[in-house]
Every structure is written in C-alpha cells, then in structure tokens.
Amino acid sequence: MSENLEQSFVAQLQANQNIIHKICRLYTAGEDAHKDLFQEITIQLWKAYPKFRGDSKFSTWTYRVALNTAITLYRKTKRTVSTVEYESHQHFVKDVDYNYEEEEQIKLMYKAVYQLNDIEKALVYMYLEDKDYQEIAETLGISEVNARVKMNRIKGKLKKILNP
C-alpha cells in the first residue's frame, strides 16, 4: 500500500476515532474488551479502506464497518478475535485518553441501552450522535420510515427501562 494511502487512513481514523470508542462502549463491558473491539474495528477499517469509494462520508462508512464488526464479533458465543500480522510501519494512531468514568446519568443510559438488541443499540447511538434519519437508514440498510418507527418504539422501551 502506498504511504499516501496510509497517511490518509490514519488522518481519517484520528478524526473519527470517537465514533469507534462509542460503539465499543455500547457493545462491550470492561476496558480490555473495549480495547480488543477497538483494535478489531481498526483492522477491519484498514482492510476495507482501499475499497472506500467516497460515495458516503468517511464517518458514515466508519459507522457501518464498526457496527457490523461489533455486531458480528459479539453475536458469536466464542469471542475469539483473529489477529493480523503487525507491520513495522510507524504510522500509529495517537492514543487519546478515553474517560471511562462518566457521569451517573450517562452510566444509567448506557445500562439501559445495553439491554436493547443489536440493531436498536445502533439506531439509538446514531440518533444520539444527531444523525438524521436518512443517514441512519442508509447506514443500517433500512428505510427512513422504518428508522423513525423503530426509534419511537425504542424511546418507549428506554422509558420503561429507566422508569420501571
């Protein structure tokens, strides 16, 4: 791969790594699992990057790859992660300290969202990221109307979970 491609990927990844951290937080419990999933998503993004055509925004594409990776990995009962040979390139993404100690309300919300199914989690996450229903629908591969209906149902579900 060309050095230019690597530099472009690293720059895009650094700009969008919070997307990956948030998805990891939704689909994992614990720092080690979070780091493992972050690494696997990064590997999958790197493998797929040469095929990224730019038809959608890089962030939308990142959502799709990250969500698919998280859902695929954590649906398996065996949680083995295949490894990729580590290359000697020095183009590393600078690790940004990620604060695992959040406010109590955020913890409660994550706990409630964690009880949702995989698609519902993805929809809530994108909704909370202020993505419009068109982008949510495109990323999840559903219709815009379906995304709206699902979101309304999820809101009701979350209210019941948070206010029993």
Side-chain angles (χ1 to χ4, degrees), residues 1-100 102 106 110 113-114 116-144 146-148 150-151 154:
M1 305 242 170
S2 75
E3 189 174 321
N4 205 12
L5 185 68
E6 286 180 42
Q7 289 173 347
S8 172
F9 175 75
V10 170
Q12 290 281 13
L13 186 62
Q14 280 185 308
N16 292 281
Q17 70 177 315
N18 282 339
I19 292 169
I20 302 168
H21 278 299
K22 289 174 185 173
I23 290 171
C24 290
R25 186 161 187 192
L26 281 177
Y27 288 93
T28 62
E31 191 173 341
D32 289 340
H34 180 112
K35 287 179 179 179
D36 288 346
L37 182 57
F38 185 91
Q39 180 180 15
E40 184 61 25
I41 289 170
T42 303
I43 290 167
Q44 295 307 318
L45 286 167
W46 173 244
K47 284 181 178 178
Y49 190 66
K51 296 175 188 154
F52 175 63
R53 297 184 309 263
D55 294 342
S56 61
K57 291 187 273 182
F58 184 84
S59 61
T60 302
W61 179 75
T62 300
Y63 280 121
R64 182 175 291 142
V65 172
L67 286 168
N68 286 336
T69 303
I71 290 168
T72 300
L73 275 179
Y74 286 92
R75 274 189 176 166
K76 294 178 181 177
T77 54
K78 248 183 156 182
R79 294 186 181 195
T80 57
V81 178
S82 59
T83 59
V84 174
E85 188 64 34
Y86 185 74
E87 297 180 30
S88 62
H89 295 286
Q90 295 299 314
H91 301 287
F92 303 119
V93 175
K94 184 188 279 186
D95 188 26
V96 175
D97 288 334
Y98 189 77
N99 185 358
Y100 291 94
E102 297 289 339
I106 293 174
Y110 271 107
V113 170
Y114 199 73
L116 300 173
N117 71 39
D118 293 338
I119 299 300
E120 290 171 337
K121 285 179 191 175
L123 212 155
V124 166
Y125 168 69
M126 294 186 76
Y127 180 82
L128 292 174
E129 288 291 304
D130 291 328
K131 300 301 175 191
D132 60 36
Y133 284 107
Q134 182 179 354
E135 188 171 352
I136 292 171
E138 179 186 324
T139 302
L140 298 178
I142 59 177
S143 72
E144 190 173 336
N146 195 354
R148 289 178 189 276
K150 283 183 181 288
M151 192 63 229
I154 293 167

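Note that the structure is predicted; figures quoted are calculated from it, not measured. Just so it is clear, the values below take in all heavy atoms, side chains as well, and ignore hydrogens, waters and symmetry mates.
With contacts defined as side-chain heavy-atom distances shorter than 4.5 Å, the pair Thr28/Asp36 does not qualify. Proximity of Leu45 to Trp61: side-chain heavy atoms (C-beta onward) are separated by under 4.5 Å at one or more points. Side-chain contact between Ile142 and Lys150 is present, with heavy atoms from C-beta onward closer than 4.5 Å.
From Met126, atom CE reaches atom CE of Met151 across 12.0 Å, with rounding to the nearest 0.5 Å. Between the CG atom of Asn18 and the CD1 atom of Ile23 there is a distance of 11.0 Å, given to the nearest 0.5 Å. Taken from OG in Ser143 to CZ in Arg148, the straight-line distance is 10.5 Å, to the nearest 0.5 Å. Separation of atoms NZ (Lys22) and CD1 (Ile20) is listed at 12.0 Å; rounding is to 0.5 Å. Rounding to the nearest 0.5 Å gives a distance of 6.5 Å between CG of Leu116 and CD1 of Ile154. Distance OG1/Thr60 to CG/Asn16: 9.5 Å, rounded to 0.5 Å.
The backbone N or O of Phe38 lies less than 3.5 Å from a partner atom in the side chain of Thr42, making a donor-acceptor pair. A donor-acceptor pair under 3.5 Å is absent between the side-chain atoms of Tyr27 and the main chain of Leu67, judged by distance alone.
Minimum interatomic distance between Tyr114 and Leu26 (heavy atoms only, all atoms of both residues): CD1-O, 3.2 Å. For the pair Leu13 and Phe58, the tightest heavy-atom approach, listed with the atom from each and the gap, is N-CE2, 4.2 Å. Pairing each heavy atom of Glu138 with each of Ser56, the nearest pair is OE2-CB, 3.5 Å.
Annotation: Phe9 is not in aromatic contact with Phe52 [ring centroid separation under 6.0 Å not met].
Using cut-offs of 30° and 60° on the angle between ring planes, the pair Tyr133 and Tyr127 is tilted. Using cut-offs of 30° and 60° on the angle between ring planes, the pair Trp46 and Tyr49 is parallel.
Defined by atom type and a distance below 3.5 Å, a donor-acceptor pair is present between the side-chain atoms of Gln44 and Glu40.
No more than 12 heavy atoms of other residues, nucleotides or ligands lie within 6.0 Å of CG in Asp32, so this atom counts as exposed by the packing criterion.
Paired with His34 under the rule side chain to side chain donor-acceptor pair (under 3.5 Å), one option of His21, Gln39, Arg25 passes, and it is His21.
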